[in-house]
Amino acid sequence: MNIILFGPPGAGKGTQAKNLEKKLNNFQVSTGDMLREEIKKESDIGKKIIDYMNEGKFVDDDIVNNLMRKIVFDPKKKNKLIFDGYPRTLEQAKNLDLLLESSNQKIDFIFFLNVNKETIVQRIKKRKIIEKRSDDDLNTTLKRYDTYMLTTKPVLEYYSSKPNFNEIDGALKITEITSKINDILGV
Ligand code: AMP
């Protein structure tokens, strides 16, 4: 079963991806993690993307699409993919369709974890008190939220008309989101 988790930063995609990974014995495919790994390795890609990532901007489609090709064609991961943070642009969504089609796979479920700006602000404020983080954290997150909403609008439109698209209220508790997802998957 291949699943896409879609939604703004702070919606809880990573947490749900980890739950599904355990439950289904699937693989979380987080482009954010993959890109951070490239930076850590100081690879050519890493050097190219570090400024984009630090500014909360999207990395070029070509770079992300190339990283994705290896994952989708990995026989170990076939029909066991949980996309977390990909696709984020229409070009990436179309690329994913092509990659899946040419590897005889499809997307079985799309979950849009929808969370508004106010909820994100409340979450960050709470975390700030608990973890003593700075205001930068709130500002960066809000910038990333705005970029995400603006750039991913066409992707949302692309997926929302599909029969396997499910919108879930990302403001719910983690456990509530998990059980809604599990219900829809029938697991
Ligand atoms: P994330 O961990 O998913 O929040 O991603 C962190 C950062 O990685 C984002 O702010 C982007 O700079 C970059 N990134 C992650 N996934 C993508 C993607 N699919 N397309 C472009 N940039 C991405």
Side-chain angles (χ1 to χ4, degrees), residues 2-21 26-74 77 81-100 107 110-117 119-121 123-124 127-128 131 133-134 136-160 168 170-171 174 177 181:
N2 292 325
I3 297 167
I4 293 179
L5 295 170
F6 187 69
K13 297 186 298 288
T15 308
Q16 297 304 329
K18 293 218 159 58
N19 283 337
L20 288 169
E21 200 175 40
N26 276 23
F27 297 91
Q28 176 187 14
V29 183
S30 158
T31 37
D33 285 351
M34 288 160 71
L35 294 168
R36 279 184 286 273
E37 193 54 41
E38 293 294 327
I39 292 176
K40 219 162 88 189
K41 281 194 302 196
E42 296 183 1
S43 69
D44 287 345
I45 294 179
K47 285 176 197 152
K48 240 189 237 172
I49 63 175
I50 189 161
D51 291 339
Y52 284 91
M53 299 265 300
N54 279 337
E55 288 168 26
K57 288 188 193 149
F58 282 9
V59 170
D60 276 358
D61 285 336
D62 283 352
I63 292 178
V64 194
N65 286 342
N66 272 332
L67 289 174
M68 203 45 65
R69 169 168 279 277
K70 283 189 212 124
I71 308 275
V72 173
F73 279 91
D74 181 345
K77 298 186 176 165
L81 301 164
I82 303 163
F83 296 100
D84 160 16
Y86 181 92
R88 264 170 152 102
T89 65
L90 196 55
E91 195 176 325
Q92 291 178 17
K94 291 188 172 161
N95 177 71
L96 181 60
D97 280 352
L98 285 177
L99 290 179
L100 290 172
I107 294 296
I110 302 159
F111 292 103
F112 173 44
L113 305 186
N114 193 4
V115 57
N116 62 29
K117 211 167 174 172
T119 307
I120 303 268
V121 173
R123 280 187 185 164
I124 302 271
R127 197 170 71 187
K128 218 171 88 178
E131 299 179 13
R133 295 196 185 200
S134 72
D136 286 350
D137 201 39
L138 180 60
N139 291 333
T140 311
T141 307
L142 290 180
K143 208 167 116 197
R144 286 177 64 218
Y145 180 91
D146 289 338
T147 312
Y148 186 91
M149 287 317 233
L150 203 74
T151 325
T152 57
K153 218 169 163 201
V155 187
L156 184 59
E157 281 161 10
Y158 183 68
Y159 284 133
S160 58
I168 294 183
I174 291 173
I177 297 177
I181 291 178

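Every number for a ligand or one of its atoms is a count from 1 in the order of the listing. Note that the structure is predicted; figures quoted are calculated from it, not measured.
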Heavy-atom donor-acceptor pair, [X] side chain to [Y] backbone, under 3.5 Å:
| X | Y | result |
| --- | --- | --- |
| Glu21 | Gln28 | yes |
| Arg123 | Gly10 | yes |
| Lys13 | Gly7 | yes |

>> For Lys41 and Glu38: C-alpha separation, side-chain torsions, deciding distance, then whether salt bridge (Lys or Arg N to Asp or Glu O under 4.0 Å) applies.
In response: CA-CA 5 Å; Lys41 281 194 302 196; Glu38 293 294 327; 3.4 Å; yes
> Name the residues in contact with ligand 1, where contact means a heavy atom under 4.0 Å away: which are they?
Replying inline: Thr31, Gly32, Leu35, Arg36, Met53, Lys57, Phe58, Val59, Val64, Gly85, Tyr86, Arg88, Gln92, Arg144
>> Could you check whether atom CZ of Phe73 has more than 12 heavy atoms from other residues, nucleotides or ligands sitting under 6.0 Å from it?
In response: yes
>> Can you tell me how the ring of Phe6 sits relative to the ring of Phe112, calling it parallel under 30°, perpendicular over 60° and tilted otherwise?
In response: tilted
